[in-house]
Every structure is written in C-alpha cells, then in structure tokens.
Protein chains: 2
Amino acid sequence: MARPDTRTRILDTALRLFLAKGSEGVAVTAIEEGAGLSPGSGSFYRHFRSKDDVLAAVVDREVDRAAERRVVPGASDLAGDYLASLSALDDLRPLVGLLIREGARLPHLDRVRDVLAEQGARLDADVLAARMAAGEIPQRDAEGVASVVLFALVGHHLAASFFGGPVGVDRERFARVLASMVES
Amino acid sequence: MARPDTRTRILDTALRLFLAKGSEGVAVTAIEEGAGLSPGSGSFYRHFRSKDDVLAAVVDREVDRAAERRVVPGASDLAGDYLASLSALDDLRPLVGLLIREGARLPHLDRVRDVLAEQGARLDADVLAARMAAGEIPQRDAEGVASVVLFALVGHHLAASFFGGPVGVDRERFARVLASMVES
DNA sequence: GTCTATAACCAGATAGAC
DNA sequence: GTCTATCTGGTTATAGAC
C-alpha cells in the first residue's frame, strides 16, 4: 500500500482536523504539516485554491462515499433492519460530524441533505403501513411510528458519535427493544 | 424594562453570535458592535479578559439557567411526561447548541454533562421497571426501553434544533405515539 | 466606562528559486 | 511540486485621553 498522493493526504488531514477543531480553528499551516508538507510553505495552494475550497472538496468526497453505499433492501426482520440502519449511520459519521460542526456554513448543503434523506428513506412509513395492513404488526399511526424509529436511531447514533463511544445499552439490544416496541 | 447593562448585552450578543458562527468565527469587534459599543474599541475588555473568558461566562450562565429549572415530577400519563420532556429540552436549546458547535473545546464540560444528565434522569429505567412490575405496562427490557425513549426524544429535539423548526410529525403526535409504543 | 489609536501577532495567500 | 521568503489583511489586546 503506497503512500497516497499529496492531494489525498491533504484531504485526509483536513477532514481529521476539521472534525476535531472545526474549519475555522484549523490553519492551512497545520494542514500542510499533517500532510507531510513544510508548514508555512504555500505548497497547499498547488492543490487547492483556498481553505474554503478544500472544505468543499472534503465534503464532496464524503458525500460521494456516502452515496456509493448501496442500501440493502428490507432484510428479514425489523431488528435486523434497525441494526443495519445503525451501521449505515456509522458510515455517515464523518459527514454527519462535518454537518454538525460546520452547520449551515457547509457548501452543497442541498446535496448533503438529499443523500442523508435517501439513506433514511428505507425507514419509510409506507413499509410500516403495509405491514400493519397485512396484520404483521399492530395497527398504529404509521407515520408517527416511522418518525419515532427514525429519531431513536439517529439519536442513538448522534449520542455515540458525540461522546465518542457507545452510550447506554449496546446497539444489538437497542435494535431488539426498538423492534419489539414496533411489533407489539 | 430598562436596557440591560453592558456586561449582559455582551453576554447576550456573544451567545447569539457563537451559536450562529461558532466562537472561532466571531471577532471581538463584532461582539462590541452587537452590544452597542464602538467596534474596534477595546471596551469589551473592560468587562472580560478575553474571548475565551466570555465564552466561559456564556456557558456558565446557560448552565445556571438550565440548573435552575425544576423538573416536574412524574405527571399523569406517559404522553404528558414525554411532552414535558420535549419542552424541557427546548429550554436547553442554547446550551445544547453551544455544546454541539464548540464540542470538546467548551469549558466546564463536566458541569454541563452533570446538568444534562440530571435533566435526563427523570426518564429513568427504574420508573419504567416499577410500572412494568405493577402491570401498568407490558413487561420488557426496562433499561432498553428507557434508552429508546431517551434517544427518540433527544433525536427529535436535535433534528428540530438543527433544521430550525419542527421535523416530521408534530410533538404532540410524537409523544402520543411514543407513549403508545411503550404502553402496549 | 467608552472612546480613538495603535501595537503585536497570526493566518491566508503569493512570488520566485530549485 | 516543494521549498524559502514575504506581502497583506484582519484580530486580539493594550495605551491613554475624556
């Protein structure tokens, strides 16, 4: 595994530092240093026009990575579905981290939102409504249940992401309990 | 209602700007301007030693406000409880916003965590376990259910906070559905 | 306590040699 | 493509008059 090229090393370093300190708190000098370039040299600028430019490129790359992921279609049971969703959220972690730290300042916010929405689409109220109609799960406000499930999963993920580790019960147990609350 | 004193105006302005842009992105000049002082004058420094100092003071004030709030003890029904919890989270919004934007850079992080934990304590697994034992709600993994409830509420709140408005179903409906999922 | 003025510093970005 | 060196602008923070 050869050393990645300079552009890639800059992107990797920038992502890491932006997540740790926010883009405002990171000097181009520090990015150069982290990428193995001489700090203070303008070598960074042979690859990106500005710090905003590299932020946009970092976001683009993360969105691309997120978009590439194929969403597995409805698995066997609900608990499995929810566990898979938590894993999918894991993959989105760097992107979500950027979103949280940079807020509305992020470029391409529309595209980011689209990709996140697509990832969340599988937790659709329609699927729940169909299962309710089929009598597989109890009749309830399908849209409301979908909303509860979505926010429970996202909340669990955000807490783990924010505190840097698992919070509360582990994810298998979490998915199991959540499924049981939907199913009965 | 007289105009607040300068120190208070500085704190108010700093909170607003920090939430909007993050503390790194806010110049002391801008805080002075927002507080009705002449931008570029060092008048700010008659009240705070530095920008970090005012950040600490802003956090302190928000934590104090959060700590002052009395948590209403277990109300009549679960849905009412959950609705009250969402309102309590609303009050914490500025503090949570700071936490999200500033991350680990925040001073007094321990105290912040303590206050937030206290606010969340009412969603205790013990209460659920007692109701399960009393036969009021179905027997389930009480700790797991408490975790799901907590993250659902927090997730709902964070999404609303982040996107600047209600997301998905309204909170009454959300609380009602969540309660029904716990109760049956 | 607020102002004008300014010092000291640091970060973003560029020039030109190699 | 990377380096040394530097320009430039903006930000923190201070000095001293009022």
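Here is the naming used below: chain letters follow the sequence lines, and residue numbers restart at 1 for every chain.
When the ring-ring contact (aromatic ring centres under 6.0 Å, His included) test is applied to A:F44, the partners found at least two apart in sequence or on another chain are A:F48. Not a single salt bridge (Lys or Arg N to Asp or Glu O under 4.0 Å) links B:E32 to another residue, sequence neighbours left out. Annotation: salt bridge (Lys or Arg N to Asp or Glu O under 4.0 Å) contacts of A:R65 (sequence neighbours excluded): A:E62. Every residue two or more places apart in sequence or in another chain was checked for a side chain to side chain contact (heavy atoms under 4.5 Å, CB included) with A:D110, and none qualifies. Checked against side chain to side chain contact (heavy atoms under 4.5 Å, CB included), B:D60 has the following partners two or more places apart in sequence or in another chain: B:H108, B:R111.
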Within the sub-3.5 Å range, which N or O atoms of nucleotides 7-9 of chain C have a protein N or O partner, and how far apart are they?
none

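Within 4.0 Å of B:V26, counting heavy atoms only, lie sugar-phosphate atoms of the nucleic acid but no base atom.
Side-chain proximity of A:H47 to the nucleotides D:dT12, D:dT2, C:dT2 is greatest for D:dT2. The nucleotide whose nearest atom lies closest to any side-chain atom of B:T6 is, among C:dT2, D:dT2, D:dT12, C:dT2.
Counting only residues at least two apart or on different chains, the salt bridge (Lys or Arg N to Asp or Glu O under 4.0 Å) pairs with a member in residues 7-17 of chain A are A:D12-A:R61. Screening residues 171-184 of chain B for salt bridge (Lys or Arg N to Asp or Glu O under 4.0 Å), with sequence neighbours left out, gives A:D141-B:R173, A:E143-B:R173, B:D90-B:R171.
Proximity of B:T29 to the phosphate of D:dG10: no side-chain N or O atom is located under 4.0 Å from OP1 or OP2.
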I'd like a table of donor-acceptor pairs (distance under 3.5 Å, sequence neighbours excluded) in which one partner is a side-chain atom from residues 153-166 of chain A, with atom names and distances.
from, atom 1, to, atom 2, distance (Å)
A:H157, NE2, A:L89, O, 3.0

Enumerate, atom names and distances included, each donor-acceptor pair closer than 3.5 Å involving a side-chain atom of residues 20-31 of chain A, sequence neighbours excluded.
from, atom 1, to, atom 2, distance (Å)
A:S23, OG, A:E102, OE1, 2.9
A:E24, OE2, A:R105, NE, 3.4

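Counting heavy atoms from C-beta outward, B:V169 and B:V177 have side chains that stay 4.5 Å or more apart.
Listed in residue order, the members of residues 11-23 of chain A having a heavy atom less than 4.0 Å from DNA chain D come to none.
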Inset, instruction - Summarise protein proximity over nucleotides 13-18 of chain C in one line of letters, 5' to 3': B for base, S for sugar-phosphate only, - for none, counting protein heavy atoms closer than 4.0 Å. - result: BB-B--
